Amino acid sequence: MRQSAASQSIIMQMNPESEGAEPYRSLRTTIEYAAATQGKKVFMVTSAKKGEGKSTVAANLALSIAQTGKNTVLVDANLRNPTQNIIMGTSNHFGLSSYLEGQTDREEDIVKSSTAEQLAIVPAGPQPVNPAELLTKERMDSLLELLKTEYDYVIVDTPSLLSATDPQIIATRADGVIMVVEHRKLSQAHAKQAVKHLSTVNAKLIGVVFNKQKQ
């Protein structure tokens, strides 16, 4: 696994029993409840604006679930500005974009994580010229359906809601949406706008994570 400075943000790997890891265990419980009671498997993680820490939350959540022995796959659907390959220390030579463009087979784009035996990663892949159009392709639907049959949980990282239409596209395919909000920084107007974007496509918002809270 290629190490990077960003990997230090994966507290579920560095110090899973710490106080800082507790919010991820709590979020995991919410996800597990939704899965057990409502049959949900695909969970999208997004935010209203850029820089609120959604990708770090998605990575820690996926790792937290995998640490319980559940087969989990983390999909980086942020084709515009991918970060999971940096956070998780994987290659981004192939990934979701190359699969959606028909350049690779699914098996080529799934990377096993060295941080947990039950965690797999689908990097975003090379940046395409038409990310939104790619995500609407039937291959995206097929991929999610296949992942649902092979994994207990599918965690999807997307761009922020107010920066692109991509999250709305993914939200229609997800069983539940988690929105990350930077504590005491996001304006009420932007928060309402982000929620409206989700409601427009009848997305199922199952939780809000307040990130970067001061202790």
Side-chain angles (χ1 to χ4, degrees), residues 6-48 52-78 83-84 87-88 110 112-122 144-145 147-158 160-161 167 170-186 191 194-195 198-199 201-215:
S7 66
Q8 300 301 311
S9 63
I10 307 301
I11 195 170
M12 296 308 299
Q13 175 190 357
M14 306 301 294
N15 197 357
E17 301 304 319
S18 67
E19 182 179 347
E22 185 58 33
Y24 295 109
R25 288 193 289 270
S26 178
L27 182 57
R28 180 183 69 201
T29 300
T30 299
I31 294 295
E32 290 173 336
Y33 179 79
T37 61
Q38 302 171 43
K40 297 180 184 297
K41 297 192 73 171
V42 180
F43 298 93
M44 176 183 119
V45 181
T46 189
S47 61
E52 296 190 81
K54 63 172 180 55
S55 294
T56 298
V57 170
N60 276 290
L61 173 60
L63 182 54
S64 177
I65 296 172
Q67 287 172 341
T68 67
K70 298 293 185 180
N71 287 323
T72 308
V73 60
L74 173 62
V75 180
D76 192 346
N78 189 348
T83 57
Q84 289 301 340
I87 293 174
M88 303 302 288
I110 297 178
K112 292 298 293 182
S113 169
S114 62
T115 59
E117 184 178 351
Q118 286 76 24
L119 179 61
I121 303 160
V122 178
L144 290 177
E145 287 301 317
L147 294 178
K148 285 168 64 174
T149 64
E150 297 177 355
Y151 295 88
D152 299 309
Y153 294 89
V154 182
I155 307 299
V156 186
D157 181 17
T158 74
S160 54
L161 285 159
I170 297 297
T172 64
R173 294 157 168 78
D175 296 321
V177 177
I178 297 165
M179 189 166 79
V180 178
V181 175
E182 186 170 356
H183 186 58
R184 293 182 178 176
K185 186 172 182 180
L186 182 68
V195 172
L198 292 174
S199 63
V201 294
N202 296 318
K204 306 172 186 67
L205 182 63
I206 64 170
V208 176
V209 176
F210 290 95
N211 198 30
K212 303 182 182 180
Q213 297 189 58
K214 301 297 183 182
Q215 301 298 322

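Owing to the predicted nature of the structure, the values given are computational and were not obtained by experimental measurement.
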Q) By side-chain hydrogen bond (donor to acceptor under 3.5 Å, both in side chains), which residues pair with Thr72, not counting sequence neighbours? A) none

Q: Would you give the length of the straight line joining atom CG of Leu205 to atom CG of Leu198, rounded to the nearest 0.5 angstrom?
A: 6.0 Å

**Q.** For Lys148, all residues meeting salt bridge (charged side-chain N to carboxylate O under 4.0 Å, His left out), sequence neighbours excluded
**A.** Glu145

Q. If you look at every heavy atom in Glu117 and Lys112, which pair is closest and at what distance?
A. O-NZ, 3.1 Å

Q) Ser160: what forms a side-chain contact (heavy atoms from CB on, under 4.5 Å) with it, not counting sequence neighbours? A) Ser47, Lys50, Ser163

**Q.** Sole candidate of Asn71, Leu74, Val75, Asp175 that passes side chain to side chain contact (heavy atoms under 4.5 Å, CB included) when paired with Val154
**A.** Val75

Q: Could you pull out the closest heavy-atom pair between Gln84 and Ser55, with the gap in Å?
A: NE2-O, 2.9 Å

Q | Side-chain touch Met179/Leu161, heavy atoms, less than 4.5 angstrom | A | yes

Q. What residue pairs, at least two apart or across chains, pass side chain to side chain donor-acceptor pair (under 3.5 Å) with a residue in residues 23-34?
A. Glu22-Arg25, Arg28-Ser64

Q: Would you mind reporting whether Val209 and Val45 have side-chain heavy atoms less than 4.5 Å apart?
A: no

Q. Just one of Asp157, Thr46, Thr83, Thr158 clears the side chain to side chain donor-acceptor pair (under 3.5 Å) bar with Lys54, so which one?
A. Asp157

Q: Evaluate the side-chain proximity of Asp76 to Ile121: yes if any heavy-atom separation is below 4.5 Å, no if none is.
A: no

Q) Just wondering, do Ile110 and Val122 contact through their side chains at under 4.5 Å, heavy atoms? A) yes

Q: Mind checking the CD1-CG spacing from Ile31 to Asp152? Nearest 0.5 Å is all I need.
A: 13.5 Å

Q: Side-chain contact test, heavy atoms from C-beta onward, threshold under 4.5 Å: evaluate it for Ile206 versus Phe43 and give yes or no.
A: yes

Q: Of all the heavy-atom pairs spanning Gln118 and Lys70, show the shortest one and how long it is.
A: CB-O, 3.3 Å

Q) What pairs with Val201 under side-chain contact (heavy atoms from CB on, under 4.5 Å), at least two apart in sequence or on another chain? A) Gln168, Ala171, Thr172, Ala203

Q: Quick one: list whatever passes side-chain hydrogen bond (donor to acceptor under 3.5 Å, both in side chains) with Thr56, sequence neighbours left out.
A: none

(Q) So, taking the atom named NZ in Lys40 and the one named OH in Tyr153, what distance separates them when rounded to the nearest 0.5 Å? (A) 12.5 Å

Q: Could you tell me whether the side chain of Lys41 and the main chain of Tyr151 form a donor-acceptor pair under 3.5 Å?
A: yes

Q: Could you list the residues that satisfy side-chain hydrogen bond (donor to acceptor under 3.5 Å, both in side chains) with Asn60, not counting sequence neighbours?
A: none

